[in-house]
Q: 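Below you'll find the structure I mean.
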Amino acid sequence: IDTLGEKNVVALVDAGLDQTVCANNDTVSLNGNVSGSATTGVWATTGTGVFSPDSVTLDGIYIPSDSDTAVGNIFLTLSSTNSCLRKDTISINITPSPVVDAGNDQVVCSGVQTVILNGSVSAATTTGQWSTSGTGIFMPGNTSLMAIYQLSSADSIAMGASIVLT
């Protein structure tokens, strides 16, 4: 006797986790997975952005359009292909870009050891981080918006350093 067994194997679709991105980020990383009775899928969007390299690459990227950014929230749906249709949807929340101001450029005289920094960050976040092309130190630390940069001797020899707030 020979019996033919039938298995009820369904496609399993996982679009990944919901994401929140800043409007100044130009891409959303995708991490889709299709398994079971299907191993391929296709992405769709409620927005007007584009998928790269294409909508059938499960771990590609989504590039939000200006319209997506203005709306502030879109949904991306991953659907199985070549099998019984299964779908999973993630939400992409697009927050406003932060506004970062490191303050006015400063010129200091030779022999000056410190520079007073007065930065501000607003909108999507209120925290920032100072960095430098030099080797001096930030006091009390590089995450204090109201900080002091102590120039190193190498900074003095180089006749300065660039200081950036991000």
Side-chain angles (χ1 to χ4, degrees), residues 13-34 41-78 87-166:
V13 177
D14 182 6
L17 299 174
D18 293 345
Q19 296 183 46
T20 298
V21 297
C22 289
N24 58 319
N25 292 344
D26 58 354
T27 62
V28 174
S29 296
L30 303 175
N31 190 24
N33 185 34
V34 178
V42 62
W43 287 99
T45 178
T46 60
T48 57
V50 296
F51 295 96
S52 179
D54 52 48
S55 63
V56 296
T57 301
L58 300 181
D59 61 351
I61 60 172
Y62 179 76
I63 304 167
S65 67
D66 290 341
S67 176
D68 293 348
T69 300
V71 169
N73 187 272
I74 55 151
F75 296 94
L76 303 179
T77 300
L78 178 60
K87 296 180 179 185
D88 189 31
T89 300
I90 57 173
S91 173
I92 307 299
N93 185 33
I94 305 170
T95 61
S97 299
V99 177
V100 179
D101 183 2
N104 294 328
D105 289 350
Q106 297 184 40
V107 177
V108 294
C109 296
S110 177
V112 172
Q113 304 266 323
T114 59
V115 177
I116 297 172
L117 305 174
N118 185 10
S120 66
V121 179
S122 60
T125 185
T126 57
T127 61
Q129 184 172 6
W130 294 102
S131 60
T132 179
S133 63
T135 57
I137 59 171
F138 296 96
M139 298 179 295
N142 67 339
T143 58
S144 174
L145 296 177
M146 308 295 209
I148 296 173
Y149 180 74
Q150 183 172 351
L151 288 96
S152 68
S153 58
D155 292 344
S156 297
I157 292 169
M159 298 184 68
S162 293
I163 299 172
V164 176
L165 178 61
T166 53

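Note that the structure is predicted; figures quoted are calculated from it, not measured.
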Q: How would you list all residue pairs meeting ring-ring contact (aromatic ring centres under 6.0 Å, His included) that involve residues 147-166, not counting sequence neighbours?
A: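 Non-adjacent pairs meeting ring-ring contact (aromatic ring centres under 6.0 Å, His included): Phe138-Tyr149.
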Q: Taking only residues two or more places apart in sequence, or in another chain, which ones meet Asn73 in a side-chain hydrogen bond (donor to acceptor under 3.5 Å, both in side chains)?
A: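 Only Ser91 meet the side-chain hydrogen bond (donor to acceptor under 3.5 Å, both in side chains) criterion with Asn73.
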Q: Do Thr135 and Asp155 come close enough that some side-chain heavy atom pair is under 4.5 Å?
A: yes
Q: Would the distance check show the side chain of Asp88 and the main-chain N or O of Ala15 forming a donor-acceptor pair, the cut-off being under 3.5 Å?
A: yes
Q: Among pairs that include at least one residue of residues 13-25, which meet side-chain hydrogen bond (donor to acceptor under 3.5 Å, both in side chains), considering only residues two or more places apart or in two chains?
A: none
Q: Rounded at 0.5 Å granularity, tell me how far CD in Gln129 sits from CG in Asn142.
A: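 Rounded to the nearest 0.5 Å, the CD-CG separation comes out at 4.5 Å.
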Q: For residues Ala123 and Pro98, report the shortest heavy-atom separation together with the two atoms involved.
A: CB-CA, 4.1 Å
Q: On a heavy-atom basis, which atom in Ser120 and which in Leu145 lie closest, and how many Å separate them?
A: CA-CD1, 4.3 Å
Q: Do you know which of Asn31, Val42, Ile90, Val34 makes side chain to side chain contact (heavy atoms under 4.5 Å, CB included) with Leu78?
A: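 When Asn31, Val42, Ile90, Val34 are each tested with Leu78, the side chain to side chain contact (heavy atoms under 4.5 Å, CB included) holds only for Val34.
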Q: Measure the OG1-CZ distance between Thr89 and Phe75 for me, rounded to the nearest 0.5 Å.
A: 8.5 Å
Q: Pair up each side-chain donor or acceptor in residues 51-68 with any protein partner under 3.5 Å, not counting sequence neighbours, and list the distances.
A:
unit_1, atom_1, unit_2, atom_2, d
Asp54, OD1, Val56, N, 3.1
Asp54, OD1, Thr57, N, 3.0
Asp54, OD1, Thr57, OG1, 2.7
Tyr62, OH, Thr45, OG1, 3.2
Tyr62, OH, Gly49, N, 2.8
Tyr62, OH, Asp68, OD2, 2.6
Ser65, OG, Thr48, OG1, 2.5
Ser65, OG, Ser67, N, 3.3
Ser65, OG, Asp68, N, 3.0
Ser65, OG, Asp68, OD1, 3.3
Asp68, OD1, Thr48, N, 2.8
Asp68, OD2, Gly49, N, 3.1
Asp68, OD2, Ser65, N, 3.1

Q: Going by the side-chain hydrogen bond (donor to acceptor under 3.5 Å, both in side chains) test, which pairs reach into residues 156-166, not counting sequence neighbours?
A: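 Qualifying pairs: none.
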Q: Please tabulate, for the side chains in residues 104-117, all donor-acceptor contacts under 3.5 angstrom to protein atoms that are two or more places apart in sequence or on a different chain.
A:
unit_1, atom_1, unit_2, atom_2, d
Gln106, NE2, Ile116, O, 2.8

Q: Evaluate the criterion side chain to side chain contact (heavy atoms under 4.5 Å, CB included) for residue pair Ile94 and Val28; output intermediate values, then yes/no.
A: CA-CA 10 Å; Ile94 305 170; Val28 174; over 6 Å; no
Q: Looking only at heavy atoms, what is the nearest atom pair of Leu165 and Val100, with distance?
A: O-CG1, 3.3 Å
